[in-house]
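Just so we're on the same page: letters track the sequence lines, and every chain starts at 1.
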Amino acid sequence: MGTKIASLIIKSRHEISITDLSEKIIAFDAYNIIYAFLSSIRNKESGGGYFTDADGNVTSHLNGLFYRMNNLLIHGIKPVFIFDGEPPSFKAAEIQSRRDKKAEAAKKREEALEEGDFEAAMKYAQATSRITPQIVQDAKILLNLYGIPIIDAPSEAEAQGSHLLQQGKIYALNSQDYDSFLFGGTRIVRNLAISQRRKVPGQSRWIEVSPELIILNEMLWELGLKNRDQLILLGLLIGTDYNPDGIKGVGPKTALKLVLKYKNPEKLFEYLDVKFGLDTIFPFSPFSLLDYFRNPNVESELLFQHRSPQFQKIQQFLVEERGFNRDRVEKQLLLFKKKSEQKTLDRFF
DNA sequence: CAAAGACA
DNA sequence: TGTCTTTGG
């Protein structure tokens, strides 16, 4: 439901500035952000290989996290990283499908490399990213040195983040898609990156993107939905991580119309059963999916606190253990220290 | 992706 | 000074 629901909401998407999030606790879906870095931070010359150190450890994500965390922390944002635990059984088919797509992309990359088409190889390489234990471990080391709390969710990070939102323990969840609203997340921040420009998937065109805040209640209001159940129904119709295709031939507009017409799960599913047959349009009983979104596996007793970054150790890890350029790292960390000192002074006076 | 370099 | 290109690991 990544982009499909975006077409339905306009007013409830608020353009914000990164400074609006100062002092706010923002949770990040760790695998999500790491995956984004693994995909985008790659070596063009080798046809899309990761950045690595001399020992072959992947460093693409460390590079991305380093600059991203510096910037977020400089702005006074308090990040929390949530790592996925065991995927729910509902996700098995989707996981397999992603695996197949990666294998396919890897094959195409090989072919492109053989033909010497490095640009095509790069494109396919980006679709092959896989998060290994080493990648996770290094990410956790770096985040720890930054004093950023790490949460190991029992299952889906988005579900855990949504729970923390409901408990009021965090201000917002950083996510590119809208799925966490189905889990009851109340606030989502999108496009929380540094650069305000993003390449359009089409070709060599760039667009301006600024962070945007979406609030669940406003979104429900704009859509004309009465409650979260109805939003979950909408999600099931257009597709979620657990039924990615949604219903063939039913786009966002039709989906919304159907939810508004039938209003509750029983009536909607009854209609769908008569029209299509529930078995043919859902991989699982839609009632069980609905129930899953209502009540996902999360941990309720989490406590976390932010600590000060250990600059010396960050530098030591990146430079001495992962082959980063000393001057670059030093310069960035100095800037960080300077700006955060300035910020505390500003607050004081 | 984000910073640094090149260039007008 | 702002924009486009190259580099980073």
Inset, instruction - Could you check whether Gly64(A) gets within reach of a base, just the sugar-phosphate, or nothing at all, counting any heavy atom under 4.0 Å? - result: nothing
Inset, instruction - Mind calculating the distance between CD (Glu119(A)) and P (dT6(C)) to the nearest angstrom? - result: 12 Å
Inset, instruction - Output the single nucleotide from dT7(C), dA2(B), dA4(B) whose closest atom is nearest the side chain of Glu45(A). - result: dT7(C)
Legend entry - Rounded distance (Å) that lies between atom C1' of dT7(C) and atom CG of Asn43(A): 10 Å
Legend entry - Between P of dA2(B) and CG of Leu335(A), the distance in whole Å: 15 Å
Legend entry - Integer-rounded Å distance: dC1(B) P and Phe28(A) CZ: 15 Å
Inset, instruction - Mind calculating the distance between CZ (Phe51(A)) and C1' (dA2(B)) to the nearest angstrom? - result: 10 Å
Inset, instruction - Take atom CG of Asn325(A) and atom P of dT6(C), then tell me their distance rounded to the nearest Å. - result: 20 Å
Legend entry - Polar contact flag, side-chain donor to acceptor under 3.5 angstrom, Asn243(A)-Thr240(A): yes
Inset, instruction - Determine the contact category for Thr59(A): base if any of its heavy atoms lies under 4.0 Å from a base atom, sugar-phosphate if only primed atoms, P, OP1 or OP2 are that close, otherwise nothing. - result: sugar-phosphate
Legend entry - Separation of dA2(B) C1' from Asn71(A) CG (nearest whole Å): 8 Å
Inset, instruction - Report yes if at least one side-chain N or O of Lys331(A) is closer than 4.0 Å to OP1 or OP2 of dA4(B); otherwise report no. - result: yes
Legend entry - Parallel, tilted or perpendicular: ring planes of Phe81(A) versus Phe83(A), cut at 30 and 60 degrees: tilted
Inset, instruction - Could you work out which one of dG9(C), dA4(B), dG8(C) sits closest to the side chain of Ile41(A)? - result: dG8(C)
Legend entry - Selected nucleotide, minimal atom distance to Tyr67(A) side chain, candidates dC1(B), dG9(C), dA2(B): dA2(B)
Inset, instruction - Just call it for Phe66(A): base, sugar-phosphate, or nothing, with non-hydrogen atoms closer than 4.0 Å on any strand. - result: nothing
Inset, instruction - Ignoring hydrogens and angles, tell me if any N or O in the side chain of Ser340(A) forms a donor-acceptor pair with the backbone of Phe336(A) under 3.5 Å. - result: yes
Legend entry - Asn63(A) side-chain N/O to dT7(C) phosphate OP1/OP2 under 4.0 Å: no
Inset, instruction - Could you tell me the separation between the CZ atom of Arg42(A) and the P atom of dA2(B), rounded to a whole number of Å? - result: 17 Å
Inset, instruction - Check whether the side chains of Asn297(A) and Gln160(A) place a donor and an acceptor atom closer than 3.5 Å, and report yes or no. - result: no
Inset, instruction - May I ask you to verify if any side-chain N or O of Arg68(A) is less than 4.0 angstrom from the OP1 or OP2 atom of dA2(B)? - result: yes
Inset, instruction - Would you mind checking if Glu212(A) and Arg13(A) are paired as a salt bridge, meaning a charged N to carboxylate O distance below 4.0 Å? - result: yes
Inset, instruction - Between dA3(B), dG8(C), dC1(B), spot the one nearest the side chain of Phe37(A), thanks. - result: dC1(B)
